[in-house]
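What follows is a short report on a single structure.
Below, all heavy atoms of this structure are taken into account, side chains as well, without hydrogens, waters or symmetry copies. Each chain gets a letter, A, B and so on, in the order its sequence line appears, and its residues count up from 1.
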Number of protein chains: 2
Amino acid sequence: MTYPRTEAFDAQYQELAKYAKVLSHPARLAILKYLAEVKACISGDISNEIPLSRTTVSQHLQVLREAGFIQGQIDGVKINYCLNPETVEELKQLFNDFMCKVQSDKCCK
Amino acid sequence: MTYPRTEAFDAQYQELAKYAKVLSHPARLAILKYLAEVKACISGDISNEIPLSRTTVSQHLQVLREAGFIQGQIDGVKINYCLNPETVEELKQLFNDFMCKVQSDKCCK
DNA sequence: GATTTATGTCGCAAACATACGACATATTTT
DNA sequence: AAAATATGTCGTATGTTTGCGACATAAATC
């Protein structure tokens, strides 16, 4: 949702918020972890692994793809999915930068 | 949303997903950062700082409070809000644990 | 005790997210 | 070329999130 009043203000937090949204569903965290374990696999493997329909998994894959977390390599009928290390690295960076600003010495106690 | 089929499966990702959801809105990231900067403040200060109505800020504060990110200390009519370092630390831990499982050596290249 | 100040909750509309069956497409295999 | 396989997109129902005005509460001040 974009609200005119907040657009400018939100800008600096938009990127991390977007990544956080992608990570805010257990299925997507599970897919990322599964991909890290198997290094590469086809989408059918994922819907066998997690208790969701093929359609739903496909939609979660789309969210992960659009956010740049995963990449798909077409191989005939199959599509081999794997993690995109650049995006994983960027997330880590953004998150750590944010955490530095919200350090434990910055509380009222 | 809770789906019976996925409940057991989701369990191990539920916690991080929940934290990620809290961080998935720019206004909430902004509030956390503002609180870190000023160390403690009242809710009115926050709605003056960010371009959202008092009501909306109050609701974002509720989300942050319920997730344990912030604490409110009643002082007469005012409520002094501040960060909760335990939760910030727990988030950092959960996130780092997850990132270790999704390391850059775990891709198809 | 009336007014002001600080904050919270309710109710609602609009937007967004989730899950999944049904259908579409495209490449293999027979 | 028909069947099988792998995957994507559409439509839809249901639930959740967001923003905000209106109302409620409760302490402080006049």
Check: B:Ala40 main-chain N/O paired with B:Asn80 side-chain donor or acceptor under 3.5 Å: no

B:Glu66 CD - D:dT16 P separation (whole Å): 14 Å

No-H, no-angle donor-acceptor pair, A:Ser58 side chain to D:dG8 base, under 3.5 Å: no

Distance, rounded to the nearest Å, where A:Leu29 contributes CG and C:dT18 contributes C1': 15 Å

Side chain of A:Val77 (C-beta onward), nearest among C:dA26, C:dA6, C:dT9: C:dA26

Whether A:His60 and A:His25 hold their rings parallel, tilted or perpendicular, with breakpoints at 30° and 60°: tilted

Short side-chain N/O contact from B:His60 to OP1 or OP2 of D:dT17, under 4.0 Å: no

Protein-nucleotide distance (A:Leu52, atom CG; D:dT7, atom C1'), rounded to Å: 17 Å

Side-chain N or O of B:Lys21 closer than 4.0 Å to phosphate OP1/OP2 of D:dT17: yes

B:Gln62 CD - D:dT18 C1' separation (whole Å): 13 Å

Distance, rounded to the nearest Å, where A:Tyr81 contributes OH and D:dA6 contributes P: 14 Å

Integer-rounded Å distance: D:dT17 P and B:Leu23 CG: 14 Å

5' precedence on DNA chain C between A:Gly76 and B:Gly44 (nearest-nucleotide basis): B:Gly44

Side chain A:Arg54 and base D:dG8 donor-acceptor under 3.5 Å: yes

Which residue lies more 5' along DNA chain C, comparing A:Ser24 with A:Asp75 via nearest heavy atoms: A:Ser24

Rounded distance (Å) that lies between atom C1' of D:dG15 and atom NE2 of A:His25: 12 Å

Check: B:Val22 main-chain N/O paired with B:Arg28 side-chain donor or acceptor under 3.5 Å: yes

Donor/acceptor link under 3.5 angstrom from A:Thr55 side chain onto base of C:dG21: yes

Aromatic centroids of B:Phe98 and B:Tyr13 separated by under 6.0 Å: no

Sugar-phosphate only, base, or nothing, as touched by B:Ser43 at under 4.0 Å among non-hydrogen atoms: sugar-phosphate

Touch class at under 4.0 angstrom, heavy-atom based, for B:Thr56 against every strand present: base

Separation of atom CD1 in B:Ile42 from atom C1' in C:dG8, rounded to whole Å: 14 Å

Any donor-acceptor pair under 3.5 Å from A:Ser47 side chain to A:Val57 backbone: no

Donor-acceptor pair under 3.5 Å, B:Gln59 side chain vs C:dG8 base: no

